[in-house]
Amino acid sequence: MAERKKDDRLLDEYLRGDSPLSRVYRETGREEPPAHLDAAILAQAKAAVGARRSKPRWFMPLSLAATVVLSVGVVLLMSREGVTPVPMETPSPIPDASTPKPTAPTTPVVTPKATVVPKEAPVVTPKEVPRFEPRVFTPKEVPAGKTLEQWLADIEALRKAGKHAEADAELAKFRQRYPDYPLGKQPK
Amino acid sequence: MLGYRNGDAAAFEVLYIRHKGALYRYLLRQCRIAAVAEELLQDVWLNLVRARERYEVKAKFTTYLFRLAHNRLIDYYRRQSTGLPASYTDEALLEEVPDVAQPAAETKLDLKRQAARLKEHIAGLPEAQREAFLLREETGLSVEQIAEVTDVNPETAKSRLRYAVARLRGALGKDGN
């Protein structure tokens, strides 16, 4: 019992640190593994993770964030410039071959192809990206035998001829049908 | 280790450099054959590499690493013709009272000679007691952490360490006198 107590006391002294025993132990040598073994272990550890991942962990979230920011930016830009999205499923009337095809305002057209996607970003199929197309003014809405430009030219001619009431009436019809059409320098 | 688990090979190198010496000496002084110690060392680190994706911070990394080393060492012992050393299972050994004497003053024997003698006495300890002592000296683990590494209860770990310390102090005392 007395021996056990003495051993406990010695153990407590030893565990407090810097005992004579520990001081002698530190002189027993500091053997290290051979250099070739270090190199082999490190090479195997590196190969184990190198084969699995070559890009930093933050790369994928960053790519996704960049894609979202670009997409939102494009949508905002289009809404500011007055480009109206047309759903893909809207049937577009087939124009009469003899009728000159009406032209749309020269608003820049942004398609999904124009979106800059980082090289390593996940592939987004065109179906997943909202498709925007410029508003197309169909021939059916234009008075028979006239293009939009001709209609506007006629209104201008009426105004020059002093027929302001008729010009105003035609312009009102035009605006009613095409409220979004940018008239710019067209007759007012 | 979390860095390495997440694919950072440089994080492994930091861990390796920090722990390789202690781990090597622990294995070398337990099995006492350099070639075997090198093989065991490589196995331990490669087990760590293989287990990296399951690694979770539950304890000090040193405890985790030396637990792997202890398991590999036990496996090595079991494959020997002599099997697992009795000191791991025969707790009666812990009841033996080692011959205790006061440690010698360092002036009586120079430190290098004392160290050489101590190395011999460490080699003469039963494996389980030697392991507890080496874990304490090489890693600074507490009694509870040594118990965790060697998969025993803290009382057993403390008994093993008490035995080793008493016997080594006694041996140093005799040498000095």
Side-chain angles (χ1 to χ4, degrees), chain A residues 1-65 118-122, chain B residues 4-13 15-17 20-25 27-29 34 37-39 41-42 45-46 48-50 52-53 97-98 100 103-106 111-112 114-119 122 133-134 136-138 140 142-143 158-159 161-166 168-169 172:
Chain A
M1 192 68 182
E3 280 299 315
R4 177 68 176 260
K5 279 189 177 175
K6 190 176 179 183
D7 290 349
D8 280 342
R9 184 177 52 77
L10 290 174
L11 181 63
D12 289 341
E13 282 176 16
Y14 168 75
L15 288 172
R16 277 198 291 273
D18 201 34
S19 67
L21 185 55
S22 294
R23 281 200 296 276
V24 178
Y25 181 82
R26 285 196 288 275
E27 298 299 319
T28 58
R30 310 294 291 169
E31 301 96 328
E32 294 280 333
H36 70 83
L37 189 58
D38 291 345
I41 292 170
L42 289 173
Q44 288 181 72
K46 193 173 179 181
V49 291
R52 188 172 64 86
R53 178 179 291 128
S54 59
K55 292 185 176 58
R57 203 170 162 73
W58 46 262
F59 191 87
M60 183 64 78
L62 184 68
S63 300
L64 286 169
K119 197 177 174 185
E120 294 300 326
Chain B
Y4 180 61
R5 187 190 71 181
N6 295 335
D8 181 3
F12 181 90
E13 192 167 347
L15 284 176
Y16 182 77
I17 290 169
K20 65 169 185 168
L23 188 57
Y24 180 66
R25 289 187 291 278
L27 293 169
L28 179 64
R29 291 174 186 187
E38 287 172 21
E39 185 187 332
L41 181 82
Q42 188 163 13
W45 284 108
L46 295 185
L48 182 72
V49 167
R50 281 191 283 269
R52 69 190 180 280
E53 299 203 332
V97 181
V100 181
E106 288 175 9
L111 207 54
K112 281 196 173 177
Q114 275 189 314
R117 292 282 177 89
L118 179 61
K119 216 169 168 177
I122 290 170
F133 178 75
L134 289 173
R136 173 68 189 177
E137 286 297 332
E138 291 293 345
S142 66
V143 169
K158 189 174 182 181
S159 296
L161 192 57
R162 182 195 300 118
Y163 178 99
V165 169
L168 293 174
R169 280 176 66 105
L172 280 182

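A, B, ... follow the sequence lines: proteins, then strands. Residue 1 opens every chain. Values below: all heavy atoms of this structure, side chains included; hydrogens, waters and symmetry mates excluded.
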Of all heavy-atom pairs between A:Gly29 and B:Arg29, which one has the smallest distance, and what is that distance?
-> O-NH2, 3.2 Å
For the residue pair A:Leu11 and B:Arg162, what are the closest heavy atoms and their distance?
-> CD2-CB, 3.9 Å
B:Tyr4 side-chain N/O to A:Ala45 backbone N/O, donor-acceptor pair under 3.5 Å = yes
For chain A, the option from B:Gln42, B:Arg50, B:Lys158 that forms the most heavy-atom pairs under 4.5 Å = B:Gln42
In terms of heavy-atom pairs under 4.5 Å with chain A, which of B:Trp45, B:Phe12, B:Tyr16 leads?
-> B:Tyr16
Could you give me the CA-CA distance, side-chain angles and deciding distance for B:Leu168 and A:Tyr25, then say whether side-chain contact (heavy atoms from CB on, under 4.5 Å) is met?
-> CA-CA 10 Å; B:Leu168 293 174; A:Tyr25 181 82; over 6 Å; no
Validation row: [X], [Y] side chains within 4.5 angstrom (heavy atoms):
X        : Y        : result
A:Val49  : B:Arg52  : yes
A:Leu21  : B:Leu118 : yes
B:Val49  : A:Gln44  : no
B:Leu161 : A:Leu15  : yes
B:Leu41  : A:Ile41  : yes

Where on B:Ile122 is there a heavy atom nearer than 4.5 Å to chain A: the side chain, the backbone, both, or neither?
-> side chain
CG/B:Leu28 to CD/A:Glu31 distance, rounded to the nearest 0.5 angstrom?
-> 5.5 Å
Between CD of B:Glu38 and NE2 of A:His36, what distance do you get to the nearest 0.5 Å?
-> 5.0 Å
Checking salt bridge (charged side-chain N to carboxylate O under 4.0 Å, His left out) for the pair B:Glu13/A:Lys46: CA distance, chi angles, key distance, verdict?
-> CA-CA 9 Å; B:Glu13 192 167 347; A:Lys46 193 173 179 181; over 6 Å; no
Contacts of type ring pair (Phe, Tyr, Trp, His ring centres under 6.0 Å), residue B:Tyr24, not counting sequence neighbours = none
Test salt bridge (charged side-chain N to carboxylate O under 4.0 Å, His left out) applied to B:Arg25 - qualifying residues, sequence neighbours left out | A:Glu32, B:Glu138
Apply side-chain hydrogen bond (donor to acceptor under 3.5 Å, both in side chains) to A:Ser19 and B:Arg169, showing your working.
-> CA-CA 10 Å; A:Ser19 67; B:Arg169 280 176 66 105; 5.5 Å; no
Could you check B:Arg136 against A:Tyr14 for side-chain contact (heavy atoms from CB on, under 4.5 Å), going step by step and ending with a plain yes or no?
-> CA-CA 10 Å; B:Arg136 173 68 189 177; A:Tyr14 168 75; 3.2 Å; yes
